[in-house]
Amino acid sequence: MLSKEYSVYVNGKFCPKSEAKVSVYDHGLLYGDGVFEGIREYEGVVFQLAEHVCRLYRSAKAIKLGIPISMDEMTKAVVETLRVNKLRDAYLRLIVTRGVGDMGVDPKKCTNSTIIVIAEPIEATYGKESREKGIRVGFVSTRRDVVDSTTHEVKSLNYLNSILAKIDANEAGWDDGIMLDHRGYVSETPTSNVFMILGVDIIVTPPVTAGILDGITRRRVMKLGRDLGFSVLEKDITPFELMNADEVFLTGTKAELVPVVSISGRVIGEGKVGTITRRLLDEFGKIRKDPSEGTSVDSYKTEKKR
Ligand code: PXG
């Protein structure tokens, strides 16, 4: 059976995946000049879509990248991409680049940004078993960039810092790597946020000042923790504290919520998925399918508002 070819949204038009291309003069390619979002659709509902679209525009603002369409139009582009491709459970990539310019780094000549929406069926980040068995991670030598012009609060197209950390983790044979910030405190993994659980009622995660991306899953899990009666703190975490935590887990759009059972060879808790992590996992499993947590592809009105 021939596999289906998905359509990609490029600057307002849909084209087959094999023909979806950008210019070699696009500054997204030449300089990593642009922003993006990774989003998920569950059973026809795009989880936290408004939050993702909002973060995209905040990232763009920080790098002074003007997006020529409104947030409503961007939302519409996402919904239409899913409709055109008839996808009910998908991973989406929303990309806005500085657009075509010349071979100079100066963005002045880039007058039209490139807007891309890609949607494909979802594949699990760490494999299906990760939720049951947990993953083995380790501290990598690549440090998270400082909170500076290249801060990872901006979800920019420059992921070299994360890629180097991922290479470190691959070399070490771990499922993922935990980066420390420039001070030596726990930051995040290349593509997910870190949480630890202390005792029976405290959940801690590093603050944005530790060089992290303020993850949308992170925010949602923090709220979930508070709703379930836990104390949820944003606080600097030392590697020592993390290795000695009772439970550790990671969060991200693609990864969802993944238990960690060892860090750099140190067993976390009892070396299996902890009871609080399990509870958060179960509750998150309900939230992600709740239509009120996102934007419904079927009921979203794409005609112009009057
Ligand atoms: N930190 C970083 C640096 C990220 O890129 C997260 C945390 C989690 O944030 P959300 O908002 O998704 O809860 C991310 C986002 C991939 C992939 O291929 C994942 C991300 C980015 C790029 C690629 O799994 N995660």
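Both ligands and their constituent atoms are indexed starting at 1 by order of listing. Below, each value reflects all heavy atoms present in this structure, side chains not excepted, and no hydrogens, waters or symmetry copies. These numbers come from a predicted model, not from an experiment.
- For the pair P259 and R131, the tightest heavy-atom approach, listed with the atom from each and the gap, is CG-O, 3.7 Å.
- Atoms of ligand 1 lying under 4.0 Å from any heavy atom of T253, numbered from 1 in the order shown and given with element: 10 (P), 11 (O), 12 (O), 13 (O).
- Shown in contact with G215 at under 4.0 Å from a heavy atom are these atoms of ligand 1, numbered in order with element: 9 (O), 10 (P), 11 (O), 13 (O).
- Proximity of A255 to ligand 1, defined as any heavy-atom pair under 4.0 Å, is not found for any part of the residue.
- The ligand atoms of ligand 1 that sit less than 4.0 angstrom from a heavy atom of Y159 are 3 (C), 4 (C), 5 (O).
- The shortest N/O to N/O separation between I216 and ligand 1 falls below 3.5 Å.
- When all heavy atoms are compared, the tightest approach of E241 to D236 is OE1-O, 3.8 Å.
- When heavy-atom distances to ligand 1 are checked against a 4.0 Å cut-off, R144 comes that close only through its side chain, counted from C-beta outward.
- Salt-bridge annotation for K17 and E120: present, with a side-chain N of the basic residue lying under 4.0 Å from a carboxylate O of the acidic one.
- Only one option out of R93, R55, K155 pairs with E37 in a salt bridge (Lys or Arg N to Asp or Glu O under 4.0 Å); it is R55.
- Backbone and side-chain nitrogen or oxygen atoms of K155 are examined, and one is located within less than 3.5 angstrom of a nitrogen or oxygen of ligand 1.
- Ring planes of F249 and F195: parallel class, angle under 30° (limits at 30 and 60°).
- Judged by distance alone, the side chain of S113 and the main-chain N or O of V96 form no donor-acceptor pair under 3.5 Å.
- In this structure, E37 has no heavy atom closer than 4.0 Å to ligand 1.
- Proximity of H152 to ligand 1 is not established, as no heavy-atom distance is less than 4.0 Å.
- With respect to the salt-bridge test (charged N to carboxylate O, under 4.0 angstrom), the residues R40 and E256 qualify.
- For ligand 1, the polar-atom distance check against T191 finds a nitrogen or oxygen pair separated by under 3.5 Å.
- Those atoms of ligand 1 with a heavy atom of P190 less than 4.0 angstrom away are 2 (C), 3 (C).
- Nearest heavy atom pair, residue D102 against residue H27, reads O-NE2, 2.8 Å.
- Ligand 1 places these atoms under 4.0 Å from at least one heavy atom of R55: 11 (O).
- The residue from N85, D89, V84 that alone fulfils the side chain to side chain contact (heavy atoms under 4.5 Å, CB included) condition with L87 is N85.
- At distances below 3.5 Å, at least one donor-acceptor pair connects side-chain atoms of S162 with backbone N or O atoms of P190.
- With R218, E188, R219 as candidates, the residue nearest to atom 1 (N) of ligand 1 on a non-hydrogen basis is E188.
- Residue contact annotation: R93 has a non-hydrogen atom under 4.0 Å from ligand 1.
- Taking 4.0 Å as the cut-off, G38 does not count as a neighbour of ligand 1 on heavy-atom distance.
- Any N or O atom pair closer than 3.5 Å counts here, and T217 shares at least one such pair with ligand 1.
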